[in-house]
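As the structure is a computational prediction, the values presented were derived from the model and not from experiment. Each chain gets a letter, A, B and so on, in the order the sequences are listed, and its residues count up from 1.
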Amino acid sequence: EPEVTQTPSHQVTQMGQEVILRCVPISNHLYFYWYRQILGQKVEFLVSFYNNEISEKSEIFDDQFSVERPDGSNFTLKIRSTKLEDSAMYFCASSTESGGYTFGSGTRLTVV
Amino acid sequence: AQSVTQLDSQVPVFEEAPVELRCNYSSSVSVYLFWYVQYPNQGLQLLLKYLSGSTLVKGINGFEAEFNKSQTSFHLRKPSVHISDTAEYFCAVRETGFQKLVFGTGTRLLVSP
């Protein structure tokens, strides 16, 4: 069964550093997403991406965040200057037009 | 804007007993509904989804859910749970015409022998 692949599985970074989280969505999916889950809390929507542009974003997704699809397979989330409160599990997902969502296994980001 | 309520933060149950995890949503338009399971230190796995058609949806691992439009509910049920069902369960909704999922706060199912 096709999978969404995320790398790395765990990343530790110092406060103020830039971090890039990587994802390879399912190849025939058209919509790509990032969600995050702070430890012990619910899963929160960050951003959706379609046709090479952001289609929707939440208030969490401020100027410190950006997404990119640099080639035909990768989908990245960049945090420019990490804060302690950015520590969370970040999930990438992709979906078809009809909403067949598939999530990756996540990247645990720890900001120290 | 849509929202999802999972009133039970934790549901303890004995092995082989039935269980129901409650989910209610609010939305001004038609919705699609989902249940995801998250095992410790793992990602989100789709249990089942309602897109259209029959309101009773069967998923993996013996789970099923029923969409009740009048009560705006999508409760998850299993007639007989196993120890291995211990996990966090998230209900999610997506409004038609939009792509993002909105999740509930989750229900921790604790199955004991």
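Atom CZ of Phe103(B) sits about 11.0 Å away from atom CD of Glu44(A), to the nearest 0.5 Å. A distance of 6.5 Å separates CG of Leu44(B) from CD of Gln37(A), quoted to the nearest 0.5 Å. Note that NZ of Lys100(B) and OG of Ser58(A) are 7.0 Å apart. Values are rounded to the nearest 0.5 Å. How far OH of Tyr101(A) is from OH of Tyr32(B): 12.5 Å, rounded to the nearest 0.5 Å.
Environment of CD in Gln10(B): crowded, with over 12 heavy atoms of neighbouring residues, nucleotides or ligands closer than 6.0 Å. Atom NZ of Lys58(B) has 12 or fewer neighbouring heavy atoms from other residues, nucleotides or ligands inside a 6.0 Å radius. Enclosure of atom CD1 in Ile60(B) by more than 12 non-hydrogen atoms of other residues, nucleotides or ligands within 6.0 angstrom is indicated. At most 12 non-hydrogen atoms from other residues, nucleotides or ligands lie less than 6.0 angstrom from CG of Asp63(A). For CD of Gln64(A), the number of neighbouring non-hydrogen atoms (other residues, nucleotides, ligands) closer than 6.0 Å is greater than 12.
Neither the backbone nor the side chain of Glu88(B) comes within contact range of chain A; no heavy atom of the residue lies under 4.5 Å from a heavy atom of that chain.
The hydrophobic clustering, which links ILVMFWY residues whose side-chain heavy atoms are closer than 4.5 Å, places Ile54(A) and Ile79(A) together.
A pairwise comparison of heavy atoms in Glu56(A) and Phe98(B) identifies OE1-CD2, 4.2 Å as the closest pair.
A side-chain donor-acceptor contact under 3.5 Å links Tyr35(A) to the backbone of Leu101(B).
Between the side chains of Tyr50(A) and Gln99(B), not a single donor N or O lies within less than 3.5 Å of an accepting N or O.
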